[in-house]
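Written below as structure tokens is the structure these notes are about.
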Amino acid sequence: MSDQRIRRAQTCATGARQAVHEFHAAVSQPDMALVVFFCSSEYDLGVLTEEMSRLFAGVHVVGCTTAGEIGPAGYRQHSLSGASFPAGSCVVVSGLLDRLRQFDIGRGHDFTQNLLQQLESRAPDASPDNSFALMLIDGLSVREELVAHALQYALGKITLIGGSAGDDLKFTQTSVYSDGRFHSDSAVLILVRTTLPFSVFKTQHFVSTDERLVVTEADASGRIVKEINGLPAAAEYARLVGVAVHDLNPMCFAASPVVVMIDGTDYVRSIQKANADGSLTFFCAIEEGLVFRVAHGVDLLDNLEQTFGKIRAEIGPPQLVLGCDCILRNLEISQSNLKDCVGELFRRNNTIGFSCYGEQFKGMHVNQTLTGIAIGAAPEAVPGQPRGE
């Protein structure tokens, strides 16, 4: 029987060439179906591309730049993390969706259908019970809502999760990696059919208050809110959360996000930055007339422990959790001095992933969540454990 062990790794080498060498040495195995990696934007991406192409020649490799990485070394900045998937346990196809600024639903549908046909030709038994979809997308494209919705619709009952690439909070250029090079204004969609049990999940640790904020002027195309409750947006938000306008910063936004209710569920709409003209730029779609509520956090660590507890109850101890974790969670965890605790919890649950500029879950683009795919061990490798569906 083929080895079905997913190999995980993280290197904190500061040079791109050494980082790729260390990563390759740790995850390389015979007959790899897929390698996924997450890398700091501080690396020389030209060198990183050259070494990835050389060392993983002939291997299916996808990845993206980040705002922080998660792996065996914990929560890190300027590192390279990732995993390799053996062909014995999965069949993988992927494709690059470029020119997101010219994206339309029809092109997204055709793109997804083509990948589904490729998967079916290689794995005729592929179904929503044994397959999932992972999307990595340019985190500055401002197209996540449209793309995620269109691709999930085309995928049908196969669940899509994903993350928006980051650039270490510089907000200048984010990139996804496919076909041997980095691309901006693009997304990568990966379809996986696996014999391993898996669980797709989303968690957040915020609950809304009764404080209402109505968006009274906005530039929806730029995700910019100019007025809240008829007043300059930054000043009104600052007043509601009890800080001075000049003290607004990512830590403040992480601690006091706003949420919008959709079908009875609160979804966080995180603020990216306060602008010089008194407006606020968001990580998610906004529009005039939208009603926000200020939210406050519950215990993030307890929430995360409960999430992993549910995963273990469903699929047993995970051999891999591939996680897309909002950058604002990273900032809050840092501010609360919880990085070591959260890092250890991630390590115990074999988590690989990255801090992102937004998360995708079942066709929705969300913020301040952890979305992911947990993959268990081969059923026959766990005595007494039933085969996952």
Should [X] and [Y] be regarded as members of a common hydrophobic cluster, given that ILVMFWY residues are connected when their side-chain heavy atoms come within less than 4.5 Å of each other, either directly or indirectly?
X	Y	answer
Val268	Phe282	no
Val36	Leu151	no
Val188	Leu34	yes
Val291	Val260	no
Val62	Leu320	yes

Check ion pair [X]-[Y] (N to O, under 4.0 angstrom):
X	Y	answer
Arg193	Asp125	yes
Arg329	Glu359	no
Glu145	Arg223	yes

Side-chain heavy-atom pair [X], [Y] within 4.5 angstrom cut-off:
X	Y	result
His149	Met364	no
Phe292	Val215	yes
Asp167	Thr172	yes
Val192	Leu119	no
Phe201	Thr371	no
Ser256	Tyr237	yes
Phe253	Ser270	no
Phe56	Met32	yes

Indicate whether any N or O donor in one side chain lies under 3.5 Å from an N or O acceptor in the other, for [X] and [Y].
X	Y	result
Asp129	Ser127	no
Gln368	His205	no
Asp168	Ser41	yes
Lys273	Asn249	no
Asn114	Thr112	no
Asp138	Ser186	no
Gln29	Ser84	yes
Ser355	Gln77	no
Asn349	Arg312	yes
Asn367	Tyr357	no
Glu22	Thr11	yes
Asn229	Glu236	yes

Supply the atom-to-atom distance Ser336 OG to Leu300 CG, rounded to the nearest 0.5 angstrom.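 Answer for the OG-CG pair, Ser336 versus Leu300, is 8.0 Å.
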Can you classify the ring geometry of Tyr43 versus His78 as parallel (below 30°), tilted (30 to 60°) or perpendicular (above 60°)?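 The arrangement is perpendicular - the two ring planes meet at more than 60°.
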Parallel, tilted or perpendicular: rings of Phe182 and Phe37 (30°, 60°):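 Perpendicular, since the angle between the ring planes exceeds 60°.
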Check the pair Leu134 / Leu191 against side-chain contact (heavy atoms from CB on, under 4.5 Å), numbers first and verdict last. CA-CA 7 Å; Leu134 170 67; Leu191 305 184; over 6 Å; no
Could you tell me whether [X] atom [atom1] has more than 12 heavy atoms of other residues or ligands within 6.0 Å of it?
X	atom1	value
Ile105	CD1	no
Glu42	CD	yes
Lys362	NZ	no
Lys310	NZ	no
Arg107	CZ	yes

Testing the basics here: between [X] and [Y], what is the closest heavy-atom pair and its distance to 0.1 Å?
X	Y	value
Ala218	Ile286	CB-CD1, 3.6 Å
Gln360	Ser164	NE2-OG, 3.1 Å
Ile271	Phe283	O-CE1, 3.8 Å

Using only atom types and a distance under 3.5 Å, with no angle test, would you say the side chain of [X] pairs donor to acceptor with the backbone of [Y]?
X	Y	answer
Gln152	Leu160	yes
Ser121	Gln118	yes
His183	Ser178	yes
Arg122	Val92	yes
Ser81	Ile70	yes
His365	Glu144	no

Among residues at least two apart in sequence or on other chains, which ones pass side-chain hydrogen bond (donor to acceptor under 3.5 Å, both in side chains) with Thr203?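 If we apply the side-chain hydrogen bond (donor to acceptor under 3.5 Å, both in side chains) test to Thr203, skipping adjacent residues, the hits are Asn303, Thr307.
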Report the C-alpha separation of Phe346 and Leu370 in whole Å, then their side-chain angles, then the decisive distance to 0.1 Å, and conclude whether the side-chain contact (heavy atoms from CB on, under 4.5 Å) test is met. CA-CA 12 Å; Phe346 279 146; Leu370 170 66; 4.2 Å; yes
side-chain hydrogen bond (donor to acceptor under 3.5 Å, both in side chains) pairs, two or more places apart, involving residues 65-75: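 For residues 65-75: Thr66-Glu69, Glu69-Ser79, Tyr75-Asp325.
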Before you tell me yes or no, could you show the steps for Asn130 and Thr195 under side-chain hydrogen bond (donor to acceptor under 3.5 Å, both in side chains), namely the whole-Å CA-CA distance, both residues' side-chain angles and the distance that decides it to 0.1 Å? CA-CA 7 Å; Asn130 61 21; Thr195 56; over 6 Å; no
Steps toward salt bridge (Lys or Arg N to Asp or Glu O under 4.0 Å) verdict (Lys226, Asp219): CA-CA 7 Å; Lys226 298 180 179 180; Asp219 171 9; 5.6 Å; no
Taking it one step at a time, do His60 and Val35 satisfy side-chain contact (heavy atoms from CB on, under 4.5 Å)? CA-CA 6 Å; His60 204 96; Val35 170; over 6 Å; no
Arg8: which residues meet the salt bridge (Lys or Arg N to Asp or Glu O under 4.0 Å) condition with it, sequence neighbours left out?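 For Arg8 there are no salt bridge (Lys or Arg N to Asp or Glu O under 4.0 Å) partners, ignoring immediate neighbours.
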side-chain contact (heavy atoms from CB on, under 4.5 Å) for Asp185 and Asp98? Distances and angles first, verdict last. CA-CA 6 Å; Asp185 194 32; Asp98 61 3; over 6 Å; no
